[in-house]
There are 2 protein chains.
Amino acid sequence: MISSIAELISDRIGTMPAGERRAAQTLIANYPLIGLKTVAEFSTAAGVSSPTILRFVARLGFQNYPEFQSALQDELAAQLQSPATRTLNPASSGGAVSPMLEATLDNMRETFRHLSERQLADIAATLAHRRGKTFLIGGRFTDPLARYMAAHLAIVQPDVHHLAGQEGIWRDRLIDMGKRDVLVIFDIRRYQDSLVRFAETAHQRGVHIVLFTDQWLSPIARFARHVIAGRTAVPSAWDSSAALFVVAETLIGAVTRQLETDGAKRIRELESLR
Amino acid sequence: MISSIAELISDRIGTMPAGERRAAQTLIANYPLIGLKTVAEFSTAAGVSSPTILRFVARLGFQNYPEFQSALQDELAAQLQSPATRTLNPASSGGAVSPMLEATLDNMRETFRHLSERQLADIAATLAHRRGKTFLIGGRFTDPLARYMAAHLAIVQPDVHHLAGQEGIWRDRLIDMGKRDVLVIFDIRRYQDSLVRFAETAHQRGVHIVLFTDQWLSPIARFARHVIAGRTAVPSAWDSSAALFVVAETLIGAVTRQLETDGAKRIRELESLR
DNA sequence: CAAAATACGTAACATACGATACAGCGCTCC
DNA sequence: GGAGCGCTGTATCGTATGTTACGTATTTTG
């Protein structure tokens, strides 16, 4: 049963030629407003010609463009009148996707439920402290999160370093770390010995450790000043780092806000350098 | 301060003559969809003539009818993009954290709403196809997502490569890519020219491109066989990649499931190697 | 009550929009 | 390698749409 036009499109998008598929993709991406504009606007937005748009709507089964627009409008009208239908897409329930999504959303809510405003503010303040350097490192699967965070933090403040490469390389960087510095570690199961040893040494040197881990807590929690425990369970063969990712983004935003005055200047400078 | 057109109308409805007032009332009653239809339809719905409708929109301060319609569409677009503002939850507001979380959760729901089960299955099948090689690459901030995905995919199947380092390095890898290969690209605003050029060349070589981008669609969408448009808007100085991250995790899970038999053997082998 | 001003609709107009014919191009399949 | 097919863009056409001018109706004001 096909109820919405969006479903109709995603149902047939596979059988469409390249140009019409572009049309379909842009419509889905800006659903449904692009479809309410003129053919010319739609076509330029999709990067194709007007006839391709018309062929696209014809393939969907509409006699002409106005009829297609009317259908979109009717759908919109129904949505606007009953907001409940928006939140739940009946077609997508039942499949293998929504359990994954639902679990992820639950993980995030749970993660943030155990995370107070104050904790986050403290960590953000720690990260925004410009006295010392900031180092970030992660495990096998979480190192990309460290990179992601480092890429953003490095823009709003100086002395942000992501520790990459072989173990020997970042172990040597310990010599640069001291009491005023912050080390952000991502470590979820299965916890990596190398990271634990690294954290221990850093801790002995007085480094301020911020740990992102799962709800079972990496052994590094012993040495950490701040611990963020994210939920990771999802119906998949893998654990999910999504909740930690969102916490990281939240902190990035908070740090940026705290460094607003200096950060803005820095961002402008960087822009001009590009 | 007048923000929405509806407010503008209710502000001036008192000073309007009878005919225009009827126009105003019917617009409010079916807000805003009647305003997106033609002048003729609007006029018959309101029981007045077309010129009255035009005088009505002129009184609201618009130069012409299309301009009025554009304003309505922009307003609608803003509403549809951030459902949070519509179903504003007063209990959860207050701190700086929950708006961020709420927006992120909304982004994910919206992203998946525009993503059909079938599309994801198609993409998963593409990624699980073991005939060719899989390459992953990302932009300035999204490259960690590419790494994350690569780290997982590389475990369940061979020939998975993350393209890192300087532009020249991965440009040279193009020589290894052909029709049976898949290139996964992450590119959100501001889109990187180097990636676009890279994608174009890969496309010319017949490489199957899977694009992760934002709702405004990277220009790479032109060359992509599959496009995933994630919502990125959050109350922060940065765009959020969290929705794309979750889609990536979902795909990782789906691919792993598809390769279950072979993948499981592979995973055991890898375990024994550690 | 009269006269003026405002409001409204009918009808003609011009523009811009959607539709279509056609040619070029790439792709696939002999 | 060649023939056929399908896809896509350019250019043209007809028309539906928004716009405007003008005459009539209605209200307002002295």
Side-chain angles (χ1 to χ4, degrees), chain A residues 5 9 12-27 32-73, chain B residues 5 9 12-27 32-73 178-180 200-209 219 221-225 227:
Chain A
I5 297 176
I9 293 170
R12 305 199 185 171
I13 197 169
T15 70
M16 293 182 186
E20 300 180 26
R21 198 162 43 216
R22 285 211 288 271
Q25 283 159 352
T26 49
L27 176 57
L33 275 167
I34 277 282
L36 297 180
K37 296 186 186 290
T38 66
V39 174
E41 286 178 280
F42 190 171
S43 66
T44 54
V48 297
S49 68
S50 322
T52 301
I53 300 295
L54 296 175
R55 282 189 282 264
F56 162 66
V57 303
R59 191 181 296 266
L60 292 180
F62 298 99
Q63 293 300 324
N64 48 29
Y65 195 70
E67 182 181 309
F68 162 71
Q69 289 191 316
S70 298
L72 281 180
Q73 286 183 358
Chain B
I5 297 176
I9 292 170
R12 303 197 187 172
I13 196 170
T15 71
M16 291 182 186
E20 300 181 26
R21 195 175 314 150
R22 289 178 65 181
Q25 282 161 349
T26 49
L27 177 57
L33 276 168
I34 275 283
L36 297 180
K37 297 184 185 290
T38 67
V39 175
E41 286 180 280
F42 191 172
S43 65
T44 55
V48 296
S49 69
S50 321
T52 302
I53 299 295
L54 296 175
R55 281 188 282 265
F56 162 66
V57 303
R59 193 183 296 267
L60 291 179
F62 298 99
Q63 295 296 323
N64 47 29
Y65 195 69
E67 183 180 309
F68 163 71
Q69 289 190 317
S70 298
L72 281 181
Q73 285 185 359
K179 297 192 178 181
R180 349 203 76 176
E200 184 169 10
T201 322
H203 172 66
Q204 284 164 2
R205 293 182 66 91
V207 179
H208 193 130
I209 295 182
R222 295 183 60 88
F223 316 118
R225 196 87 64 94
V227 176

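As a basis for the values below, the full set of heavy atoms in this structure was taken, side chains included, without hydrogen atoms, waters or symmetry mates. Numbered from 1 within each chain, the chains take letters A, B, ... in sequence-line order.
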- prompt: Pick the nucleotide of DNA chain C nearest each of B/Gly19 and A/Ala40; which residue has the one closer to the 5' end?
  reply: B/Gly19
Length of the line joining [X]:[atom1] and [N]:[atom2], which is rounded to integer Å:
X: A/Lys37; N: C/dA16; atom1: NZ; atom2: C1'; result: 16 Å
X: B/Asn64; N: C/dC13; atom1: CG; atom2: P; result: 22 Å
X: B/Phe68; N: D/dT17; atom1: CZ; atom2: C1'; result: 16 Å
X: A/Glu67; N: C/dA19; atom1: CD; atom2: P; result: 10 Å
X: B/Gln63; N: D/dT19; atom1: CD; atom2: P; result: 10 Å
X: A/Phe56; N: D/dG9; atom1: CZ; atom2: C1'; result: 18 Å
X: A/Ile53; N: D/dT8; atom1: CD1; atom2: C1'; result: 12 Å
X: B/Gln204; N: C/dC27; atom1: CD; atom2: P; result: 11 Å

Can you tell which of [options] lies closest to the side chain of [X]?
X: B/Leu54; options: C/dG18, D/dG9, D/dT19; value: D/dT19
X: A/Ser49; options: D/dT10, D/dT19, C/dG18; value: D/dT10
X: B/Val48; options: C/dC8, D/dG18, C/dG9; value: C/dG9
X: A/Val39; options: D/dT8, D/dG18, C/dG18; value: C/dG18
X: B/Ala18; options: C/dC17, C/dA19, C/dC8; value: C/dC8
X: B/Pro66; options: C/dC8, D/dT19, C/dA7; value: D/dT19

- prompt: Does the side chain of A/Arg22 reach to within under 4.5 Å of the side chain of B/Val227, using non-hydrogen atoms?
  reply: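 No, every pair of side-chain atoms sits at 4.5 Å or beyond.
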- prompt: Distance-only, no hydrogens or angles: does the B/Arg12 side chain make a donor-acceptor pair with backbone N or O of B/Arg59 under 3.5 Å?
  reply: yes
query: Got a donor-acceptor contact below 3.5 angstrom from the A/Gln69 side chain to the A/Thr38 backbone?
result: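 Between the backbone of A/Thr38 and the side chain of A/Gln69 there is no qualifying donor-acceptor contact (under 3.5 Å).
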message: Going by ring-ring contact (aromatic ring centres under 6.0 Å, His included), name the residues that satisfy it together with A/Phe62, two or more places apart in sequence or in a different chain.
response: A/Phe68
query: Looking only at N and O atoms, is any donor in the side chain of A/Arg55 or the base of D/dG9 less than 3.5 Å from an acceptor on the other one?
result: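 Side chain to base: pair present.
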message: At 4.0 Å (heavy atoms only), tell me whether B/Pro51 reaches a base, stays on the sugar-phosphate, or touches nothing.
response: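 If one applies the 4.0 Å heavy-atom cut-off, B/Pro51 turns out to touch a base.
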query: Taking only side-chain nitrogens and oxygens of B/Thr52, does any of them come within less than 4.0 Å of OP1 or OP2 of C/dG9?
result: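 It does, given that an N or O in the side chain of B/Thr52 lies less than 4.0 Å from OP1 or OP2 of C/dG9.
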Show me, pair by pair, the donor-acceptor contacts under 3.5 angstrom made by side chains of residues 45-56 of chain B, not counting sequence neighbours?
from	atom 1	to	atom 2	distance (Å)
B/Ser49	OG	B/Thr52	OG1	3.3

